[in-house]
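Okay, so here's the structure we're looking at.
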Amino acid sequence: MSSIQLVNLCKSWAGTKALDGINLSIEAGSFCVLLGPSGCGKSTTLRIIAGLEAASSGQVFVDGQDVTQLPPAARGLAMVFQNYALFPHLSVADNITFGLSVRKVEAGEAARRLAQTAELLGLDQLLHRKPSQLSGGQQQRVALGRALVAQAKVCLMDEPLSNLDAQLRQDMRRELRELQQRLGLTVVYVTHDQSEAMSMADQVVLLNQGRVEQAAHPRHLYAAPATTFAARFIGTPAMNLLRLQDGCIAGSSVAVCQPGALLGLRPEAVSLGGAIAATVQSMEYLGADLVLRCAVGSELITVRADGKSDIAAGASVGLHWPQQAEHYFDPQGLRLH
Ligand code: ADP
Ligand code: MG
């Protein structure tokens, strides 16, 4: 178990500024997810932690030790990539222990660690197989096994599940999280998938254009997004953001009356059967939920209704939401309250 601190990390390539002052503290034994749209700097941050990329400026600390100038092998970190990088001609067992033979770990010790890791990951029956004889999920576990067998203090993962189909990805998320907690591993995990981040993380670090937009526990991020970017990125369907005119919306007064401010409403906070007149423009049936797009004056409000609701496009409905469900943002997109 190790903690990680990033202090004012910057990274530029000729012309592109990939990281623009990343400050971050990752607790030992926690599951930290770097989340954000493509190109926001997730992989670059991870690669700088690993030592595979040099920062332009700033520092990386592992357990309080400045490792910024250390080569990857001296940092005590293991990395799992999206494409697993398994050797096709080696067996599962040899793939898992490959790094140990490179590091000249004694054979008895390597065998002991292999047995332990294989049991932990449910790979004991598959040790003689080649990667091509494994399913995607099993290959993923072998890649993970390679990280675990190294007994690294920190495990870094860059979109490790993105090659798997939806069902398997769900299973692997649960498995990975369970394993991380059981072993007390510090994991830094990159994804662009907000539901993956929300379901696994102790801390979600939302990145936007090389900066930390917000770093918080999933529940906090959802309940109190610090910016409109965070509000839009977390939650499906996305939060409604309505531009306030004269401190009111569609005739109902609201708590904040700043010109140009935005009112944020989660679709599930808006219910049918209220005083605010709306017309259903379109709908999407999702089984448990029915997602309605409702026109209120010149605004469109997304409402997450019960899937059993029997509503047709064109219907007139009344909307309602409790005042405590209102989020407010200033014209620049920063949370007011
Ligand atoms: P993410 O993983 O969030 O999709 P990256 O960290 O890979 O994003 O990239 C961040 C930014 O840095 C992007 O604009 C990308 O084009 C740029 N970038 C990444 N690697 C290089 C490189 N080797 N040379 C030049 N630009 C790069
Ligand atoms: Mg990436």
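Here the structure is a predicted model, which is why all the values come from computation and not from measurement. Residue numbers start at 1 and run along the sequence shown.
- Cluster partners of W13, using a side-chain heavy-atom cutoff of under 4.5 Å among ILVMFWY residues and allowing indirect links: none.
- Among residues two or more places apart in sequence or in another chain, the side chain to side chain contact (heavy atoms under 4.5 Å, CB included) test is passed with Q324 by P322.
- Contact of the Q194 side chain with the V204 side chain is not registered, since no non-hydrogen atoms from C-beta on lie closer than 4.5 Å.
- Atom OG1 of residue T228 and atom CD of residue Q332 lie 10.0 Å apart, to the nearest 0.5 angstrom.
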- Intermediate values then yes/no, side-chain contact (heavy atoms from CB on, under 4.5 Å), L19 and I48: CA-CA 10 Å; L19 302 185; I48 291 175; 3.7 Å; yes
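- S12 meets the side chain to side chain donor-acceptor pair (under 3.5 Å) test with no other residue; sequence neighbours excluded.
- Here CD of E213 is found 9.5 Å from CG of L207. Values are rounded to the nearest 0.5 Å.
- Put simply, the side chain of L185 reaches to within 4.5 Å of the side chain of L148, judged on heavy atoms.
- Pairing each heavy atom of A147 with each of C155, the nearest pair is CB-SG, 3.7 Å.
- Two residues are said to be in side-chain contact when any heavy atoms from C-beta on lie closer than 4.5 Å; V67 and Q65 meet this criterion.
- Judged by distance alone, the side chains of Q116 and R113 never bring a donor and an acceptor atom under 3.5 Å apart.
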Side-chain donor/acceptor pairs under 3.5 Å, residues 25-40, sequence neighbours excluded:
from, atom 1, to, atom 2, distance (Å)
S25, OG, Q5, NE2, 3.2
S30, OG, E27, O, 2.7

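- Listed for the R243 side chain is a donor-acceptor partner under 3.5 Å among the backbone atoms of G260.
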*Chi angles and distances behind the side-chain contact (heavy atoms from CB on, under 4.5 Å) call for L46, M79*: CA-CA 9 Å; L46 203 68; M79 189 141 175; 3.7 Å; yes
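- Looking at T97, its side chain never comes within 3.5 Å of a backbone N or O of L100 through a donor-acceptor pair.
- In this structure, L334 is not a member of the same hydrophobic cluster as L263, with clusters built from ILVMFWY side-chain heavy atoms closer than 4.5 Å.
- Of the possible donor and acceptor atoms, one in the side chain of Q133 sits under 3.5 Å from a partner among the backbone N and O of K130.
- With sequence neighbours excluded, no residue satisfies side chain to side chain donor-acceptor pair (under 3.5 Å) with Q69.
- Residue R211 places its CZ atom among 12 or fewer non-hydrogen atoms of other residues, nucleotides or ligands, all under 6.0 Å distant.
- With a 4.5 Å cut-off on side-chain heavy atoms, L319 and V317 count as touching.
- No side-chain heavy atom of N240 sits under 4.5 Å from any side-chain heavy atom of W321.
- Considering only residues two or more places apart in sequence or on other chains, E196 meets the side chain to side chain contact (heavy atoms under 4.5 Å, CB included) condition with L161, R169, R173, Y189, T191, D193, M200.
- At a threshold of 4.5 Å between non-hydrogen side-chain atoms, the residues R335 and T227 do not count as touching.
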*Test side-chain contact (heavy atoms from CB on, under 4.5 Å) applied to L121 and E175, step by step*: CA-CA 9 Å; L121 294 172; E175 229 175 82; 5.7 Å; no
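- Side-chain contacts under 4.5 Å among hydrophobic residues (ILVMFWY), followed directly or transitively, place V7 together with F61.
- For the atom pair CD of Q214 and CD1 of I234, the computed distance is 8.0 Å after rounding to the nearest 0.5 Å.
- Every residue two or more places apart in sequence or in another chain that forms a salt bridge (charged side-chain N to carboxylate O under 4.0 Å, His left out) with E178 is listed here: R182.
- The heavy-atom pair separating V62 from S2 by the smallest distance is CG1-CB, 3.9 Å.
- Under the rule for a side chain to side chain donor-acceptor pair (under 3.5 Å), Q125 has no partner lying at least two apart in sequence or in another chain.
- Annotation for Q209: atom CD does not count as buried by contact number, only 12 or fewer foreign heavy atoms lying within 6.0 Å.
- Looking at heavy atoms from C-beta onward, Q138 lies out of side-chain contact with V92 at the 4.5 angstrom threshold.
- Minimum interatomic distance between L134 and Q139 (heavy atoms only, all atoms of both residues): O-NE2, 3.4 Å.
- I4 is connected to L70 through a chain of hydrophobic side-chain contacts under 4.5 Å among Ile, Leu, Val, Met, Phe, Trp and Tyr, so both are in one cluster.
- Every residue meeting the side chain to side chain donor-acceptor pair (under 3.5 Å) condition with D66, not counting sequence neighbours, appears here in chain and number order: Q59, T68.
- Across all their heavy atoms, C294 and V303 have their closest contact at SG-CG2, 3.9 Å.
- Contact check for L292 versus L272: side-chain heavy atoms found under the 4.5 Å cut-off.
- As a member of the Ile/Leu/Val/Met/Phe/Trp/Tyr network built from side-chain separations under 4.5 Å, L241 groups with M239, L262, F329.
- Rounding to the nearest 0.5 Å gives a distance of 4.5 Å between CD1 of I22 and OG1 of T45.
- In terms of heavy-atom proximity, G64 sits nearest to S3 at N-OG, 4.4 Å.
- For the residue pair N95 and L90, the shortest heavy atom distance occurs at ND2-O, 3.1 Å.
- In this structure, V291 shares a hydrophobic cluster with L286, the cluster being traced through Ile, Leu, Val, Met, Phe, Trp and Tyr side chains under 4.5 angstrom apart.
- For the atom pair CZ (R177) and OG (S199), the distance works out to 9.0 Å, reported to the nearest 0.5 Å.
- D289 CG to D306 CG: the interatomic distance, rounded to the nearest 0.5 Å, is 7.5 Å.
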